[in-house]
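Got a structure for you, written out below as structure tokens; questions coming shortly.
Numbers here simply count residues along the sequence, with the first being 1. Counting starts at 1 for both ligands and their atoms, in listed order.
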Amino acid sequence: MTVKLQMLGTGSAFAKNYFNNNALLLGSGYNLLIDCGITAPLAMHELGRSFEEIDAVLITHLHADHVGGLEELALSLKHKTGRKMTLMLAEALVDPLWEHTLMGGLYQEGITTSLDDVFHVRPLHPDTNYSLSPEISVHLLRTPHIPGKDSYSLMLNEEVFYSADMTFEPELLTGLVRNRGCRKIYHDCQLEGPGVVHTTLDELKSLPEDIRSRISLMHYGDEKPDYIGRIAGMDFLEQHVIYDL
Ligand SMILES: O=c1ccn([C@@H]2O[C@@H]3COP(=O)(O)O[C@H]3[C@H]2O)c(=O)[nH]1
Ligand SMILES: [Zn+2]
Ligand SMILES: [Zn+2]
């Protein structure tokens with residue numbers, strides 16, 4: 001079976017017309033959630049899906065549109081099923097995720113005093129390919145986003161690049177396509193304004209046609225409808241639509 005991709009949301013952090021840019025990879029017998037933002041539980045509900053059908057969550061970085069739904073995921077799963085979700089993330093993110101993000105809401109003296117009390121934590125090394133199921137493998141590439149904050153993009157099945165949040169890296173993208181067999185790129189895209197912490201549409205439009213033709217745009221703002229037909233041979237990922245990966 002071909003692995004399917006369904007975006008819970010394709011919106012930027014502050015978009016109101018789209019859910020947070022979080023992704024479901026749907027395999028036969030294994031489902032991976034990539035990031036779990038503030039709106040992820042509601043998006044799952046709208047899709048008629050439950051966290052109980054998710055085998056693991058993979059976190060790319062610690063912004064709230066990528067981790068803000070983890071408290072609800074952990075608590076609802078624990079109280080509904082007693083299960084702890086498998087949580088995969090770069091080893092560098094493990095401590096800050098607990099210390100700086102989740103401890104406030106999840107800490108309970110004597111019951112929940114560490115990330116391991118609520119998740120099966122699986123720290124990942126960057127630049128290492130992990131086979132998660134017979135159909136899904138992932139490897140993390142550390143990419144630039146916010147100075148001083150670790151953030152990771154993903155290679156899925158060694159042929160699909162998933163940017164998460166990053167600033168423009170034309171040499172990386174061109175090299176992946178021309179030297180490493182990357183056939184598809186899902187890329188964050190800031191449609192307007194200077195690219196301080198995200199890659200802009202103008203930057204992606206500057207790529208050669210053989211790269212642009214493989215790019216689908218995600219993590220965009222509410223102004224997206226104004227840009228339909230104006231994205232230079234790329235296309236927009238639509239939330240909730242089910243795509244072949
Ligand atoms: O130096 C900074 C840090 C953050 N921000 C905003 O906060 C958002 C956090 O989520 P995001 O990474 O999807 O997008 C980020 C930007 O919209 C910014 O504009 N400049
Ligand atoms: Zn984001
Ligand atoms: Zn971010």
Could you tell me the residue and atom name of the protein heavy atom closest to atom 20 (N) of ligand 1, and the distance to it rounded to 0.1 Å?
Val197 CG1, 3.8 Å
Considering heavy atoms of the protein only, find what lies nearest to atom 7 (O) of ligand 1 and give residue, atom and distance to 0.1 Å.
Phe14 CZ, 3.6 Å
Under 4.0 Å from a heavy atom of His145: give me the atoms of ligand 1 that qualify, with their elements.
12 (O)
Within 6.0 angstrom of Arg180 CZ, more than 12 heavy atoms from elsewhere:
no
Taking backbone and side chain together, does His198 place any N/O/S atom at a distance below 2.8 Å from the Zn ion (ligand 2)?
no
Parallel, tilted or perpendicular: ring planes of His187 versus Phe161, cut at 30 and 60 degrees:
tilted
Please calculate the ND1(His63)-the Zn ion (ligand 3)-OD2(Asp165) angle and round it to 10 degrees.
160°
If I take atom OH from residue Tyr162 and atom CD1 from residue Ile185, how far apart are they, to the nearest 0.5 angstrom?
14.5 Å
When distances are taken from atom 4 (C) of ligand 1, the protein heavy atom at minimum range is Ile146 CD1, 4.1 Å
Does Asp65, backbone or side chain, put an N or O under 3.5 Å from an N or O of ligand 1?
yes
With His219, the side-chain hydrogen bond (donor to acceptor under 3.5 Å, both in side chains) member among Asp65, Asp188, Thr10, Asn21:
Asp65
When you check the gap from the basic side-chain N to the acidic O, do Glu238 and Lys224 get nearer than 4.0 Å?
yes
Show the atoms of ligand 1 that are less than 4.0 angstrom away from any heavy atom in His219.
13 (O)
Name the orientation class of the two ring planes belonging to His66 and His61 (parallel below 30°, tilted from 30 to 60°, perpendicular beyond 60°).
tilted
Residue pair Ser151 / Asp165, side-chain donor-acceptor N/O under 3.5 Å
no
For the Zn ion (ligand 2), angle spanned by His66 NE2 and Asp65 OD2 (nearest 10°) is 90°
Could you tell me the residue and atom name of the protein heavy atom closest to atom 15 (C) of ligand 1, and the distance to it rounded to 0.1 Å?
His198 NE2, 3.9 Å
